[in-house]
2 protein chains.
Amino acid sequence: MNLTKKAHEILNGALASSGLRSTRQREHVFGVLLAQRDHPTADEVYVRAKVEMPSISLATVYNCLETMVECDLVRQVNFEREPSRFCPNLAEHAHFYDETSGRVFDIDLPNEFFGKLKSILPPQYEANSIELSFRGKKPGH
Amino acid sequence: MNLTKKAHEILNGALASSGLRSTRQREHVFGVLLAQRDHPTADEVYVRAKVEMPSISLATVYNCLETMVECDLVRQVNFEREPSRFCPNLAEHAHFYDETSGRVFDIDLPNEFFGKLKSILPPQYEANSIELSFRGKKPGH
DNA sequence: CTAGGTGCAAAAGGTTTGCGGTTAA
DNA sequence: TTAACCGCAAACCTTTTGCACCTAG
């Protein structure tokens, strides 16, 4: 669960530029997210984080995740009747919720796609984030 | 809060074709949604519904809303850290969450837009619903 | 008549908060 | 050194559930 040097720099840079500290818990939670990019819930992150850091608490996991969402290091993804999921993929992308397995998949977007989506907004509307999500079946599993 | 004849037929038709009953509470909740299309939360629907039907319970409001969502009469819309909101607009459209006021606005889409969105999915992925939502500021209020 | 729906209250589930102790800078 | 952060447990808020009563078909 150790961060690569690059991930370490990204995390600390983002924290520092928000005036926040780097802590063992924040680094570890970030590492957990990077290690397995399957859109875990906060509770799943907690379970994984405890493997190498048994003393970490659920509240701290929530706090770390919230901090990272606010630093734009992590995206929080919501589906109906589901707890929030967390995604360290910073590239513009959409999500697909597979109703069969309950799993969430990243969907890559054509270049500048979010920019095109923004163009459907009426004048005066200024979007600073866009969420595009599909729900359905992904056959073949 | 009385339903128009047309709304009445739409509701009863949808219920009937799902093998469900028409009840006073379901009609009333549907009427509340149609009367003020501002994406109320379940609790807001409850407050409004009680004005003319003081005996209705919150659990029943939740049940009615869930029923209508399952009959495709109502869309359930979710934003981060917000309770679900309910929307009787059946046309394909997107949503805009105004961070200043906390209000949600419908965004009309160009023709066949959802169809175009579906085309970005990889083969094998079959979407049966799409959610496109923006979050940002809507100046001028 | 009776399956399905309602109202109530209690429980569940996810998330946040308050507080005393700990730690990064 | 000290403001920020952590761990814990309790609180919070939205949503669901169980059960006795009611009602639409």
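Lettering follows sequence order; numbering is per chain, from 1. Keep in mind it's a predicted model, so treat the numbers as computed, not measured.
By the criterion of side-chain heavy atoms lying less than 4.5 angstrom apart, applied directly or through intervening Ile, Leu, Val, Met, Phe, Trp or Tyr residues, Leu33(B) is not grouped with Val104(B); the two fall into different hydrophobic clusters. By the rule that hydrophobic residues join a cluster once side-chain heavy atoms approach within less than 4.5 Å of another member, Val32(B) and Met53(B) end up as members of one cluster. Residues Leu117(A) and Val77(A) fall into different hydrophobic clusters, defined by Ile, Leu, Val, Met, Phe, Trp and Tyr side chains chained together at heavy-atom separations under 4.5 Å.
Closest approach to the Cys64(B) side chain among dA24(D), dT6(C), dT17(D) is made by dT6(C) (side chain taken as heavy atoms from C-beta onward). You'll find that the side chain of Tyr62(B) is closest to dT16(D), out of dC8(D), dT16(D), dT15(C).
Between the side chain of Arg135(B) and the main chain of Glu131(A), no donor-acceptor pair closer than 3.5 Å is present. In this structure, Glu44(B) contributes its side chain and Thr41(B) its backbone to a donor-acceptor pair below 3.5 Å.
As rounded to whole Å, 11 Å separates atom P of dT15(D) from atom CZ of Arg85(B). Atoms OH (Tyr46(B)) and P (dT14(D)) sit 14 Å apart, rounded to a whole Å. One interatomic measurement links the two molecules: NZ of Lys50(B) to C1' of dC8(C), which rounds to 12 Å at whole-angstrom precision. One can place CG of Leu65(B) at 10 Å from P of dT15(D), the figure rounded to the nearest angstrom. Following rounding to the nearest Å, Glu66(B) (CD) and dG5(C) (P) show an atom-to-atom distance of 11 Å. A straight line from CD of Glu27(A) to C1' of dC5(D) spans 14 Å, rounded to a whole angstrom.
The stretch residues 5-23 of chain A touches DNA chain D through Leu20(A), Arg21(A), Thr23(A), each having a heavy atom within less than 4.0 Å of the strand. Sorted by residue number, the members of residues 71-84 of chain A with any non-hydrogen atom under 4.0 Å from DNA chain C read Pro83(A), Ser84(A).
Side-chain contact annotation: Asn78(B) with Asn78(A), donor-acceptor N/O pair under 3.5 Å absent.
Dashed line: the shortest gap from a side-chain N or O of Thr60(B) to OP1 or OP2 of dT6(C) is not under 4.0 Å. Between dT23(D) and Gln25(B), no contact under 4.0 Å exists linking OP1 or OP2 to a side-chain N or O.
Looking at every heavy atom in both residues, Ser17(B) comes nearest to Ala14(B) through OG-O, 3.2 Å.
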Pair up each side-chain donor or acceptor in residues 59-70 of chain B with any protein partner under 3.5 Å, not counting sequence neighbours, and list the distances.
unit_1: Thr60(B); atom_1: OG1; unit_2: Ser57(B); atom_2: OG; d: 3.0
unit_1: Asn63(B); atom_1: ND2; unit_2: Ala59(B); atom_2: O; d: 3.3
unit_1: Thr67(B); atom_1: OG1; unit_2: Asn63(B); atom_2: O; d: 2.8

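Counting any heavy atom pair closer than 4.0 Å across all strands shown, Thr41(A) reaches no nucleic acid atom.
Rounded to the nearest 0.5 Å, atoms CZ (Phe96(A)) and NZ (Lys138(A)) are 8.5 Å apart.
Residues Arg24(B) and Leu58(B) each lie close to DNA chain D; by heavy-atom proximity, the contact nearer the 5' end of the strand is made by Leu58(B).
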